[in-house]
Amino acid sequence: MNAISVRHTRPEDIPALIAMQAEVYPDIPPWSQRKLREQLDVFPQGQIVAETADGLVGCASSLIVQWDDWAESHSWKEITGAGTFDSHNPNGRTLYGAEVFVDPRVKGRGIGHLLYEGRRTLCRAMNLKRIIACGRLPGYRPHSADMSPEFYAQKVVWGDFGDPVLSFQLKEGFSYCGVIEDYLPEDIASCGHASLIVWLNPDYRPDLPTTIPEEIAL
Ligand SMILES: CC(C)(COP(=O)(O)OP(=O)(O)OC[C@H]1O[C@@H](n2cnc3c(N)ncnc32)[C@H](O)[C@@H]1OP(=O)(O)O)[C@@H](O)C(=O)NCCC(=O)NCCS
């Protein structure tokens with residue numbers, strides 16, 4: 001594969017991202033052009049893609065939230081404003097990962113890692129305290145008759161099971177914090193559940209505010 005680079009998302013990327021998302025999640029409706037455009041209008045600094053000379057190969061979408069507003073309970077729909085990011089709060093201290101996906105043809109070649117590196121760069125550049133996300137648990141469904149989603153996720157953390165998403169996120173240095181039930185009901189493979197994960201920014205300065213530069217080098 002050609003060299004992979006990560007850059008900010010541009011409006012002209014939207015049709016290719018929608019097509020890729022439809023391939024990644026055949027059973028979940030992809031985002032509309034309008035939603036992706038809104039995400040870019042609300043928080044362009046938080047939207048990134050990975051590309052090779054042949055085109056786009058993945059993306060990661062994020063917003064900033066005041067975590068205390070959501071910590072006790074939230075669904076994907078609530079915390080992302082149903083994908084519009086109208087819940088974005090530029091004074092918050094937490095970068096919230098709303099979506100990440102890689103072209104299924106090139107999974108397992110380090111693209112997800114580069115997108116997560118990009119997110120960590122955004123987190124540091126904006127002096128945010130952490131990245132929080134709720135990851136799908138796509139390996140859970142075959143085990144759902146035998147165990148709770150919590151126990152399944154614990155077994156992934158303990159290394160008894162591999163999960164296509166949580167195992168990747170643990171490899172990326174995220175800590176598992178528990179399961180959010182009914183996070184994304186349309187996600188059949190995960191039975192709608194997700195694992196709450198966090199990465200703490202070691203460079204965070206609580207004495208300084210969140211700053212959102214116009215340009216962030218990735
Ligand atoms: C999850 C996803 C983004 C990972 O991207 P990727 O490009 O395949 O991952 P990478 O190749 O960058 O892997 C990074 C590290 O995670 C590990 N990893 C990746 N997938 C893994 C898996 N299924 N099990 C165990 N480890 C895994 C890799 O081995 C690598 O570690 P290493 O550097 O020590 O070898 C990608 O598989 C994807 O798009 N999945 C479908 C969409 C999705 O469900 N997204 C999550 C939304 S919450």
Side-chain angles (χ1 to χ4, degrees), residues 1-6 9 16-31 36 39 46-52 54-63 65 74-80 83 95-121 131-143 149 152-153 155-199 218:
M1 193 170 51
N2 297 313
I4 307 153
S5 56
V6 173
T9 310
L17 290 178
I18 290 173
M20 199 188 304
Q21 196 182 32
E23 277 193 68
V24 172
Y25 307 118
D27 303 324
I28 302 178
W31 282 338
L36 275 158
Q39 295 173 10
Q47 318 316 318
I48 61 176
V49 292
E51 71 176 349
T52 69
D54 297 329
L56 297 184
V57 287
C59 82
S61 319
S62 311
L63 61 156
V65 296
H74 71 279
S75 66
W76 183 86
K77 202 170 171 185
E78 290 165 342
I79 199 165
T80 67
L95 190 71
Y96 188 84
E99 173 62 297
V100 60
F101 59 80
V102 167
D103 182 330
R105 284 169 287 265
V106 288
K107 268 160 82 166
R109 300 197 201 173
I111 297 166
H113 170 71
L114 289 177
L115 288 165
Y116 264 46
E117 274 290 295
R119 267 198 186 146
R120 285 186 279 263
T121 301
I131 303 172
I132 287 182
C134 288
R136 304 177 59 237
L137 289 167
Y140 174 57
R141 194 160 178 235
H143 300 283
Y152 168 80
K155 283 178 94 56
V156 175
V157 175
W158 295 332
D160 291 343
F161 291 159
D163 181 83
V165 174
L166 181 54
S167 299
F168 156 77
Q169 291 163 330
L170 295 171
K171 264 278 176 71
E172 287 297 318
F174 277 70
S175 302
Y176 166 75
C177 311
V179 162
I180 308 251
E181 299 211 357
D182 300 321
Y183 177 72
L184 184 66
E186 307 90 291
D187 181 5
I188 306 292
S190 312
C191 298
H193 309 309
S195 64
L196 181 62
I197 55 162
V198 66
W199 175 82
L218 290 168

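In listed order, ligands and their atoms are each counted from 1.
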Practice prompt. Tell me whether the centres of the aromatic rings in Tyr183 and His74 are closer together than 6.0 Å.
Written response: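 For Tyr183 and His74, the ring centres are under 6.0 Å apart.
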Discussion item. Are Tyr152 and His193, when compared by the centres of their aromatic rings, separated by less than 6.0 Å?
Written reply: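 Between His193 and Tyr152, which both carry aromatic rings, the centre distance is not below 6.0 Å.
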Worksheet item: What do you reckon, does Gly135 put a non-hydrogen atom under 4.0 Å from ligand 1?
Response: yes
Worksheet entry | Pro138 heavy atom under 4.0 Å from ligand 1 | no
I'd like to check which ligand 1 atoms, numbered from 1 as shown, lie under 4.0 Å from a non-hydrogen atom of [X].
X	answer
Gly108	6 (P), 7 (O), 8 (O), 11 (O)
Phe101	39 (O), 42 (C)
Ser167	24 (N), 25 (C)

Practice prompt. Using a 4.0 Å heavy-atom threshold (strictly under), name the region of Arg109 that reaches ligand 1: side chain, backbone, both or neither.
Written response: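 Near ligand 1, Arg109 shows its backbone, while the atoms from C-beta on stay back.
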Worksheet entry | Contact partition for Val24 relative to ligand 1, non-hydrogen atoms under 4.0 Å | side chain
Between the side chain of [X] and the main-chain N/O of [Y], is any donor-acceptor distance below 3.5 Å?
X	Y	value
Asp163	Leu166	yes
Trp199	Ile132	no
Glu186	Pro29	no

Worksheet item: Would a 4.0 Å cut-off, counted as strictly less than, catch a protein heavy atom around atom 30 (C) of ligand 1?
Response: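 Answer no: nothing from the protein, no heavy atom, is under 4.0 Å.
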Worksheet item: Which heavy-atom pair separates Gly58 from Leu115 by the least distance, and what is that distance?
Response: C-CD1, 4.0 Å
Any nitrogen or oxygen of [X] lying under 3.5 Å from a nitrogen or oxygen in ligand 1? Just yes or no.
X	result
Val165	no
Cys134	no
Glu172	no

Quick one: nearest non-hydrogen protein atom to [atom], plus distance?
atom	value
atom 46 (C) of ligand 1	Val100 O, 3.5 Å
atom 5 (O) of ligand 1	Gly112 CA, 3.5 Å
atom 43 (C) of ligand 1	Tyr25 OH, 3.2 Å
atom 23 (N) of ligand 1	Pro164 CA, 3.4 Å
atom 38 (C) of ligand 1	Val102 N, 3.9 Å
atom 12 (O) of ligand 1	His113 N, 2.7 Å

Between [atom1] of [X] and [atom2] of [Y], what distance do you get to the nearest 0.5 Å?
X	Y	atom1	atom2	answer
Ser62	Ile131	OG	CD1	7.0 Å
Gln47	Leu17	CD	CG	10.0 Å
Glu51	Cys59	CD	SG	12.5 Å

Discussion item. Take a 6.0 Å sphere around CZ of Arg141 and say whether it holds more than 12 heavy atoms from other residues, nucleotides or ligands.
Written reply: no
Run down the list [options] and name the one with the heavy atom closest to [atom].
atom	options	answer
atom 32 (P) of ligand 1	Lys171, Lys107, Gln169, Arg136	Lys171
atom 10 (P) of ligand 1	Ser190, Ala194, Gly110	Gly110
atom 1 (C) of ligand 1	Phe168, Tyr116, Phe161	Phe168

Discussion item. In terms of relative ring orientation, are His143 and Phe161 parallel, tilted or perpendicular, with 30° and 60° separating the classes?
Written reply: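 The rings of His143 and Phe161 lie parallel, inter-plane angle below 30°.
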Fill in: Working for side chain to side chain contact (heavy atoms under 4.5 Å, CB included), residues Gln169 and Ser195
CA-CA 10 Å; Gln169 291 163 330; Ser195 64; 4.3 Å; yes
